[in-house]
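Letters go in sequence order (proteins before strands), and every chain restarts at 1. FYI, side chains are in, hydrogens and waters are out, and symmetry mates aren't considered; it's all heavy atoms of this structure.
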Protein chains: 2
Amino acid sequence: MEAVTIKDIARALNLSTSTVSRALRGSYEINPETKRLVMEYAERMNYRPNPIALSLKENRSRAIGVIVPQIANHFFSQAINGIEAIAYNRGYHVIIFQSHESYEREVVTVQQSVSRKVDGLLISLSSQTTNVAHLKDLEEKGFPLVQFDRVSSELDIPKIIADNYQGAFEATEHLLQTGRRRIAHLTIPPWMSITQERLAGYKDALAKYNVPFDEDLVRYCGFGDDAVGPMVDELLALTPAPDAFFTASDRLALGCLAALRKRNVAIPETVSLIGFTNLNVADLLSPSMSTVVQPAMEIGQLAAERLIELIERKQKAAPPNTVKIPARLVVRESSIRE
Amino acid sequence: MEAVTIKDIARALNLSTSTVSRALRGSYEINPETKRLVMEYAERMNYRPNPIALSLKENRSRAIGVIVPQIANHFFSQAINGIEAIAYNRGYHVIIFQSHESYEREVVTVQQSVSRKVDGLLISLSSQTTNVAHLKDLEEKGFPLVQFDRVSSELDIPKIIADNYQGAFEATEHLLQTGRRRIAHLTIPPWMSITQERLAGYKDALAKYNVPFDEDLVRYCGFGDDAVGPMVDELLALTPAPDAFFTASDRLALGCLAALRKRNVAIPETVSLIGFTNLNVADLLSPSMSTVVQPAMEIGQLAAERLIELIERKQKAAPPNTVKIPARLVVRESSIRE
DNA sequence: TTGTATGCGTTATCAC
DNA sequence: GTGATAACGCATACAA
């Protein structure tokens, strides 16, 4: 509570605050004896510079803001983990904000975090965000800003993402190689970057194997509604019925799994299941559900590194604006049908 | 970047900074006309008070620190969710720190967060922490401090916890009521508060049903080692073998589940499984694994409320120092054997 | 080598 | 009703 200040030290040692200040920060031209004296006393009194005073003076807070849709989500909590690891190493604090998948809250939160004087912002868009004017604003002001995972191409700033295209391609290819032909794709809202990237990978894999793309096999599921069960039903009712499900998130994979179990649809005998998911219990959940694992922690780390570079203006050879990190396909079945 | 300050407004309107300041904060005795002028201009220029300057002046940061062992853990990310909900409502920021289950890092982190001038601290102890001198220190200084979940009784400060005793009692009782008699208890390090509370509940339930307590059925598993499999093996090798497993965490429940599956031990035919866990996929994982669900979000909310009360010294009728919130038993099996 | 003065943005105190 | 000044803790340009 009674934090000791430079002024206290100065008074106690009969020096001026500037001398103490200089001694403390090991300034070049200062009497070694004075320096020792100050250092010792500071140590003894457990002096700690007041970061708020520093912030005011230097006009920077040494804090970065992170805006994610939800903390309580495997991918994001892992990403935050990565962000923290880097940030704390570089002397930055991490202040976490949640948009709760709401566009309005995202806008408010962006404003809040900026007026809270974070030095930079790391953001993954809410699933409702289609307009990025609130960020365009910051971009134009040159405010340090990095996007990760769910990004908008309308912003010309660094983006760190998983290689969703390639992950989806490999997932689909795996299903095709094991003989599946009617692959349903259960995914999230169509305007999201990750949705589009994955859909493209899915389509291209189908094309490579000369399987026609069937619009009917693709279903979009919002974050609010728990409509996964009915959607699976609809899909199963198609003729011909799907022989595989490729889902775009933890939630969808779980919902799909639950629906299939409820209807006694055998996996992988009747349908194969593969999903983008970061659940570490996937193999316990369903030993035959393959997964595409996103490199959450690496994404967080890279994003944080990139942001700190931006903040500290070390734009040496200006690294590429979009970094894609491979998503890892984990195969847990081998029921080749041919 | 070019944030507008009170000084800018004063200059533009030919007023003094003090007048502007007063007008802005709706001070009583000020010319309504002047006030309107200032307000309008401020609005138009999108003026936002600099929180850092305020912090320096008021000697408070409007930020609270949260120290948890791990973010990427269901219980803690849900708790943080609760903390955030309250904190942001009350105008506080949340700065998250991880101790990574290390005592040393916890000590460092506590110091860091305090010298970063958080207004108060919410902490859940690392699994390695047995000495709480670093917190005793703060307690003695009267620094606002609240413990949650993993607490130390050596600290005479508010504690918000789940009712681990009752949860464990009910879990054990449920197993006993379904005919189980050799109930293994797989748990975390013995010195932790939650371990002791749960063990007590387990023992008392056994006593109520006149089942002798067998030390051999209790195994302690640290957080580093992945020794769950071997432990389950050892337990299964006992004579008589256990007919039920009661585990103390997500990780142990999963490890136990995996080990039992690997050995083709049927659940619930051969052994029952019940665990303290906050996994939302428990029923998918094992339709017959009952769980004791901890009220993570409520714990976070209450802890944050309590801390903010402390910070703002609204110690009205000084609420009780320890708050226990019921843990909810979710039964997913009904294989009564008698 | 050390001290004095100034400023970061804001508000409280005291004048006028 | 409004303005000048000091202070929060620190760093630094400028003097000495």
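- The closest donor-acceptor contact from the side chain of A/S127 to the backbone of A/F223 lies at 3.5 Å or more, if one exists at all.
- With hydrogens and angles left out, the side chain of B/S18 and the base of D/dA4 share a donor-acceptor pair within 3.5 Å.
- Remark: B/T5 is not in phosphate contact with C/dG9, judged by side-chain N or O atoms under 4.0 Å from OP1 or OP2.
- With hydrogens and angles ignored, the 3.5 Å screen pairs a side-chain donor or acceptor of A/S61 with a backbone N or O of A/K117.
- Whole-Å rounding puts the B/I52 CD1 to C/dT11 P distance at 15 Å.
- Within the structure, every side-chain polar atom (N or O) of B/T19 is placed at least 4.0 Å from both OP1 and OP2 of D/dT2.
- Ion pair A/E305/A/R90 not flagged as a salt bridge, since none of the NZ, NE, NH1 or NH2 atoms sits closer than 4.0 Å to an Asp/Glu carboxylate oxygen.
- Checked against side chain to side chain donor-acceptor pair (under 3.5 Å), A/N81 has the following partners two or more places apart in sequence or in another chain: B/Q98.
- Applying the side chain to side chain donor-acceptor pair (under 3.5 Å) test to A/T129 and every residue at least two apart in sequence or in another chain returns A/E106, A/S126.
- Set against C/dT2, D/dT2, C/dG7, the side chain of A/K57 has C/dG7 as its closest nucleotide.
- Contact check, B/S16 against D/dA4: no side-chain N or O comes under 4.0 Å of OP1 or OP2.
- Of the candidate nucleotides D/dG9, C/dT10, D/dC10, D/dC10 has the atom lying nearest to any side-chain atom of A/Y47.
- Residue contacts shown for A/S55 are absent, as no nucleic acid heavy atom lies under 4.0 Å away.
- Ring planes of B/F97 and A/Y88: tilted class, angle from 30 to 60°.
- A sub-4.0 Å separation between OP1 or OP2 of C/dG7 and a side-chain N or O of B/K7 is absent.
- Five base pairs at each end of the helix from C/dT1-D/dA16 to C/dC16-D/dG1 define two local axes, and these are offset by 60° (rounded to 10°).
- Listed pair B/R22 / D/dG1 fails the phosphate criterion, with no side-chain N or O lying under 4.0 Å from OP1 or OP2.
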